[in-house]
Amino acid sequence: MRILLASFALFALSACGLSPMYAGGGSGAVAQSLAAIDVAPIEGRAGWLVRSALEERFGAAGQTSPQYRIEVRLDDQLEGLAVLRDDTISRERRTLRARYQLIDLSSGEIVLDASDGSDAGIDVVSSEYAVIAAEQTALENLSQDLAQRIVTRVALALRSQGDGEQ
């Protein structure tokens, strides 16, 4: 009875119509659409880090002529938390937020207008060098995380746009 029930469940799941977002690997429709995105320059060190991470992820399926352009504006903030009795800060929070638009180059239409962000906590220690290194490492990690969030959101938008055309 269990075997019959398990085989019925597998049959039902295979008929649900779900398909992987990256079906077809690097030659799939979503991967090819991501490869056709040009990343506009982004200001600042955080912008350079985010742009590099986006270009790396978008270009994973190879290079094609651009069909889309993504424009990103960043807000990088570092704020002190946990003020001690002697008015020193013992913890900081670095926040990296992005507002981005994916633009179809052929029509000028905005395909996606979204925002996303990420933050990290930083311990403030007695060594100024260690704090600066921790702040820079946090920025690098936040840039990678933010780029991955943007790529996921863009892939979903391109996938749903492709589903609407079919």
Side-chain angles (χ1 to χ4, degrees), residues 18-105 110-161:
L18 293 177
S19 63
M21 183 182 335
Y22 295 106
S27 61
V30 172
Q32 291 301 311
S33 293
L34 290 176
I37 296 175
D38 178 47
V39 182
I42 310 168
E43 288 184 30
R45 184 173 196 287
W48 180 81
L49 290 167
V50 170
R51 184 171 191 242
S52 296
L54 287 172
E55 288 177 335
E56 179 182 322
R57 286 169 173 81
F58 288 148
Q63 296 293 337
T64 62
S65 60
Q67 297 174 3
Y68 302 95
R69 182 180 68 244
I70 189 163
E71 296 177 353
V72 181
R73 289 183 308 278
L74 293 177
D75 179 26
D76 178 22
Q77 293 191 358
L78 186 63
E79 64 180 326
L81 304 172
V83 179
L84 300 176
R85 288 183 189 173
D86 62 353
D87 288 333
T88 59
I89 296 171
S90 65
R91 189 119 173 105
E92 294 177 334
R93 181 173 68 186
R94 184 158 218 158
T95 306
L96 187 61
R97 304 260 179 251
R99 173 76 189 255
Y100 52 97
Q101 292 181 328
L102 182 67
I103 301 165
D104 186 331
L105 293 176
I110 296 174
V111 177
L112 175 66
D113 185 359
S115 60
D116 218 325
S118 191
D119 62 78
I122 302 165
D123 287 328
V124 177
V125 295
S126 60
S127 168
E128 189 174 333
Y129 174 78
V131 173
I132 292 170
E135 290 170 352
Q136 294 304 315
T137 301
L139 180 60
E140 292 166 7
N141 292 338
L142 292 174
S143 298
Q144 292 291 324
D145 182 54
L146 188 59
Q148 186 58 50
R149 290 171 184 261
I150 292 172
V151 169
T152 301
R153 186 74 98 36
V154 166
L156 287 170
L158 292 175
R159 182 174 183 224
S160 65
Q161 184 183 31

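Keep in mind that what you see is a predicted model, and the values were worked out from it rather than measured.
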Please find the pair of heavy atoms, one from [X] and one from [Y], that lie closest to each other, and give the distance.
X	Y	value
Arg57	Ala147	NH1-CB, 4.1 Å
Gly47	Ile42	CA-CG2, 3.4 Å
Ser115	Arg153	O-NH1, 3.6 Å
Val72	Ala98	CG1-CB, 4.0 Å
Gln144	Ala53	NE2-CB, 3.7 Å

From [atom1] ([X]) to [atom2] ([Y]), nearest 0.5 Å:
X	Y	atom1	atom2	result
Asp119	Leu146	CG	CG	11.5 Å
Ser143	Leu74	OG	CG	7.5 Å
Leu105	Ile37	CG	CD1	10.0 Å
Gln67	Asp38	CD	CG	12.0 Å
Leu142	Thr95	CG	OG1	8.0 Å
Arg93	Leu81	CZ	CG	6.0 Å

Exactly one candidate in Ile103, Leu102, Ile70 meets side chain to side chain contact (heavy atoms under 4.5 Å, CB included) with Val111; the answer is Leu102
Check the pair Asp113 / Arg99 against side-chain contact (heavy atoms from CB on, under 4.5 Å), numbers first and verdict last.
CA-CA 8 Å; Asp113 185 359; Arg99 173 76 189 255; 2.9 Å; yes
Evaluate whether atom CD of Glu43 has more than 12 neighbouring non-hydrogen atoms of other residues, nucleotides or ligands under 6.0 angstrom away.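 No, not enclosed.
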Are [X] and [Y] ion-paired here, with the side-chain N under 4.0 Å from a carboxylate O?
X	Y	answer
Arg91	Asp123	yes
Arg69	Glu71	yes
Arg45	Glu140	yes

Q: Go through Arg73 and Gln101 one step at a time and tell me if the side-chain hydrogen bond (donor to acceptor under 3.5 Å, both in side chains) criterion holds.
A: CA-CA 9 Å; Arg73 289 183 308 278; Gln101 292 181 328; 5.0 Å; no
Hey, does the side chain of Arg94 reach the backbone of Glu135 with a donor-acceptor pair shorter than 3.5 angstrom?
->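 Between the backbone of Glu135 and the side chain of Arg94 there is a qualifying donor-acceptor contact (under 3.5 Å).
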Go through the steps to decide whether Ser118 and Leu96 satisfy the test side-chain contact (heavy atoms from CB on, under 4.5 Å), and finish with yes or no. CA-CA 6 Å; Ser118 191; Leu96 187 61; 5.6 Å; no
>> Within the 4.5 Å heavy-atom criterion, are Leu158 and Tyr68 side-chain neighbours or not?
In response: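 Side chain of Leu158 against side chain of Tyr68, heavy atoms only: contact under 4.5 Å found.
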